[in-house]
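Comments concern the structure below.
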Amino acid sequence: MADAAPASKKAIGPGKRLWMAIDGEKGATCNLIFAHILFWALGLTAVLNYGYKDPETPAELAVQDPVQSGPSGSGVFIISLFLAIVATLLWCTRIVLRLMAPPPQEIEEIIQERTTMARRDSAAVDEAAALERKGSQKGKSLAAAAAAV
């Protein structure tokens, strides 16, 4: 049976964890917002206004000079679309990785536990070395066991 968490520790809810993940990825969030602004304001409006095809007749070319959109156009649609897709994929990946990581409290507990174990091991090695200097048989066996680790 699993031990219950101490009453002094509060679990972090999913909404709080999501907000902490977004807050921890400020750069990626800014990139995401900026990329989508570029796509929706410039890229999509160019395609909606001019379509995505090359002018076929000289009359169409005269009306649309320079070519605003299409394979021979400025590339605003394709570049902004690609930028928005990459920014979205990167942001989602980073947020998912942050949500899958242990909560900060658990990380602090793990660090504290490992620090305590390292201090305990260090104290045991020091004690074995002191006993070995005194020439004790117990000190020699402890020192050999510590060296083996």
Side-chain angles (χ1 to χ4, degrees), residues 1-56 64 66-134 136-149:
M1 186 158 136
D3 294 330
S8 63
K9 294 182 183 177
K10 273 182 99 173
I12 298 175
K16 175 81 172 168
R17 287 216 38 192
L18 179 62
W19 181 250
M20 289 171 61
I22 292 171
D23 189 50
E25 293 295 341
K26 290 178 181 140
T29 303
C30 287
N31 287 342
L32 175 78
I33 292 168
F34 185 69
H36 277 273
I37 288 172
L38 284 177
F39 173 71
W40 296 105
L42 299 177
L44 191 64
T45 56
V47 167
L48 292 177
N49 291 336
Y50 303 105
Y52 194 77
K53 65 181 185 76
D54 282 337
E56 295 174 0
Q64 192 179 349
V67 178
Q68 296 294 322
S69 182
S72 301
S74 65
V76 68
F77 174 71
I78 293 295
I79 298 298
S80 63
L81 175 65
F82 182 72
L83 182 65
I85 290 170
V86 169
T88 303
L89 289 175
L90 287 174
W91 185 82
C92 289
T93 301
R94 288 174 163 232
I95 294 299
V96 167
L97 288 176
R98 280 194 179 260
L99 290 175
M100 290 174 53
Q105 300 152 314
E106 289 181 22
I107 293 172
E108 289 176 15
E109 290 172 6
I110 291 169
I111 291 171
Q112 186 72 355
E113 180 181 317
R114 289 185 182 170
T115 303
T116 303
M117 287 183 353
R119 285 184 187 145
R120 214 176 301 142
D121 292 344
S122 175
V125 169
D126 291 344
E127 180 184 342
L131 289 173
E132 184 181 19
R133 281 193 296 269
K134 289 182 181 177
S136 162
Q137 183 62 32
K138 181 181 177 186
K140 289 178 184 174
S141 64
L142 284 174
V149 174

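Atoms considered below: every heavy atom in the structure, side chains included; atoms not considered: hydrogens, waters and symmetry mates.
- Taking both residues in full, the closest heavy atoms of A35 and A84 are given as CB-CA, 3.9 Å, listed atom of the first, atom of the second, then distance.
- Taken to the nearest 0.5 Å, the CG atom of N49 stands 9.5 Å off from the CG atom of L44.
- In plain terms, the two heavy atoms of R94 and A28 that are nearest each other are CD-CB, 3.9 Å.
- Note that the CD atom of E25 and the SG atom of C30 stand 11.0 Å from one another [nearest 0.5 Å].
- One finds the CD1 atom of I79 at 12.5 Å from the CZ atom of F39 (value rounded to the nearest 0.5 Å).
- In this structure, the separation between CD1 on I22 and CE on M20 is 12.0 Å, given to the nearest 0.5 Å.
- A heavy-atom distance below 4.5 Å is found between the side chains of L18 and I95.
- Remark: T115 OG1 to Q112 CD distance equals 6.0 Å, nearest 0.5 Å.
- What you find for L42 and T45 is that their closest heavy atoms are O-OG1, 3.1 Å.
- Here the CG-CG distance, from N31 to L90, works out to 8.5 Å after rounding to the nearest 0.5 Å.
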Practice task
Begin from the C-alpha positions of L48 and F77 and carry the test side-chain contact (heavy atoms from CB on, under 4.5 Å) through to its verdict.
Solution key: CA-CA 10 Å; L48 292 177; F77 174 71; over 6 Å; no
